[in-house]
Amino acid sequence: MSARPLVIALLVIILMGTFSYGLYHLGMLDSFLSESSEVSNINENSGPVVRNPVSDLVLPLSSSKDMEEVASNGTLEVASAPVNESYDDENSQSEHHTAVKKVASIAVTETLQKKSKEKPRDIPQTVSSKVLSGNVTPKKSVVSKVKYETLSHFKQICSNNSLTVKMSLSGSSKKITWFNLNDPKKLVVDIHGHWKNYAKSIYRLKGCSVQKIILGEQPDRMRIVFYLNKKGLPAKIKPEIKKVSNLLEIKINL
């Protein structure tokens with residue numbers, strides 16, 4: 001096989017390439033190339049899905065016809081009228097809300113001022129004015145001091161048939177009462193009034209018909225209890241009580 005046809009083909013290709021390059025360089029192919037690019041753009045945009053940059057897109061568009069016109073032109077134009085209307089609606093709503101809040105705050109302040117100026121109805125005028133001004137002084141509780149009388153120098157004299165006790169009092173007794181108790185046998189004598197005992201509280205007796213004597217302070221009396229240990233005593237024993245100035249004598253016959 002001879003190489004002459006191959007060489008001729010290569011020379012033809014080289015000549016056509018140089019010829020087309022020269023035409024392109026001189027601008028003879030610009031019209032042909034621009035028509036082919038427009039046809040390609042129309043074919044790309046004629047499909048059901050339009051893929052365009054959405055950075056400047058504002059939804060919703062005015063109508064479907066506008067969308068088709070934008071797609072056919074290959075560019076997207078933003079409708080200014082709907083956007084401005086939405087901004088105006090938002091501004092008007094915000095201004096309406098602020099105006100309502102201002103009116104509500106003014107109404108609340110006015111009601112509070114009216115309530116503060118009104119005087120209490122249930123409380124009398126004299127009492128309310130004192131309470132509101134803070135001039136009410138609490139009443140001090142008056143505690144009356146109790147004066148206590150004293151009992152001292154308690155002396156007892158015991159024999160086979162009787163017991164005599166003598167004591168000195170700082171003041172006179174209001175009244176003296178007595179009563180009997182059984183199991184064990186006791187005689188109780190109450191000196192009414194407010195008393196403090198400066199003598200002993202318990203006196204134990206030996207070789208006497210009275211076993212012991214107990215003195216106890218109570219809020220409104222001084223109580224003296226005689227414990228009797230002699231058999232055959234009557235159910236009720238009445239003491240003999242004598243008051244001479246500040247001396248008190250109690251005698252029990254056994």
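For the numbers below, each heavy atom of this structure counts, side chains included, while hydrogens, waters and symmetry mates do not.
Atoms CD1 and SG, from Ile157 and Cys208 in turn, are 11.0 Å apart once rounded to the nearest 0.5 Å. Atom CE of Met167 and atom NE2 of His153 lie 13.0 Å apart (nearest 0.5 Å). Going from atom NZ of Lys185 over to atom CD of Gln211 covers 15.0 Å, rounded to the nearest 0.5 Å. Taken from CG in Leu248 to CD1 in Ile191, the straight-line distance is 5.0 Å, to the nearest 0.5 Å. In this structure, Ser152 OG and Asn197 CG are separated by 9.0 Å, a value rounded to the nearest 0.5 Å. Once rounded to the nearest 0.5 Å, the distance linking CE of Met222 with OG of Ser173 reads 12.0 Å.
Linking Ile, Leu, Val, Met, Phe, Trp and Tyr residues whenever their side-chain heavy atoms come within less than 4.5 Å places Ile252 and Tyr203 in a single cluster. A chain of hydrophobic side-chain contacts below 4.5 Å, direct or via other Ile, Leu, Val, Met, Phe, Trp or Tyr residues, connects Val189 to Leu254.
Sorted by first and then second residue, the ring pair (Phe, Tyr, Trp, His ring centres under 6.0 Å) pairs with a member in residues 172-202 read Tyr148-His194; sequence neighbours excluded.
At a threshold of 4.5 Å between non-hydrogen side-chain atoms, the residues Glu249 and Ile241 do not count as touching. Looking at Ser162 and Lys251, their side chains come closer than 4.5 Å, going by heavy atoms from C-beta outward. Looking at Leu215 and Ile213, their side chains come closer than 4.5 Å, going by heavy atoms from C-beta outward. Using a 4.5 Å heavy-atom threshold, the side chains of Lys212 and Leu205 count as separate. Contact annotation: the side chain of Leu247 never approaches that of Leu169 to less than 4.5 Å [non-hydrogen atoms, C-beta and beyond]. The shortest distance between side-chain heavy atoms of Val188 and Ile224 does not fall below 4.5 Å. At least one side-chain heavy atom of Val165 sits under 4.5 Å from a side-chain heavy atom of Ile250.
In the displayed structure, Asp220 atom CG is contacted under 6.0 Å by more than 12 heavy atoms of other residues, nucleotides or ligands. Residue Lys186 places its NZ atom among more than 12 non-hydrogen atoms of other residues, nucleotides or ligands, all under 6.0 Å distant. Taking a 6.0 Å sphere around CZ of Arg223, one finds it holds more than 12 heavy atoms contributed by other residues, nucleotides or ligands. Counting non-hydrogen atoms of other residues, nucleotides and ligands closer than 6.0 Å to NZ of Lys230 gives a total above 12.
Closest non-hydrogen pair, Cys158 versus Ser209, comes out as SG-N, 4.1 Å. Counting all heavy atoms, side chain and backbone alike, Glu149 lies closest to Ser170 at OE1-OG, 2.7 Å. Residues Ile214 and Ile202 share a closest heavy-atom pair of CG1-CG1, 4.2 Å.
The side chain to side chain donor-acceptor pair (under 3.5 Å) test applied to Glu217 returns no partner, not counting sequence neighbours.
Exactly one of Lys175, Lys174, Arg221 qualifies for a salt bridge (Lys or Arg N to Asp or Glu O under 4.0 Å) with Asp190. That residue is Arg221. For the side chain to side chain contact (heavy atoms under 4.5 Å, CB included) test with Leu163, the passing option among Leu187, Val210, Asn253 is Val210; the others fail. Evaluated for a side chain to side chain contact (heavy atoms under 4.5 Å, CB included) with Leu228, the options Ile237, Asn180, Leu181 yield exactly one hit, Ile237.
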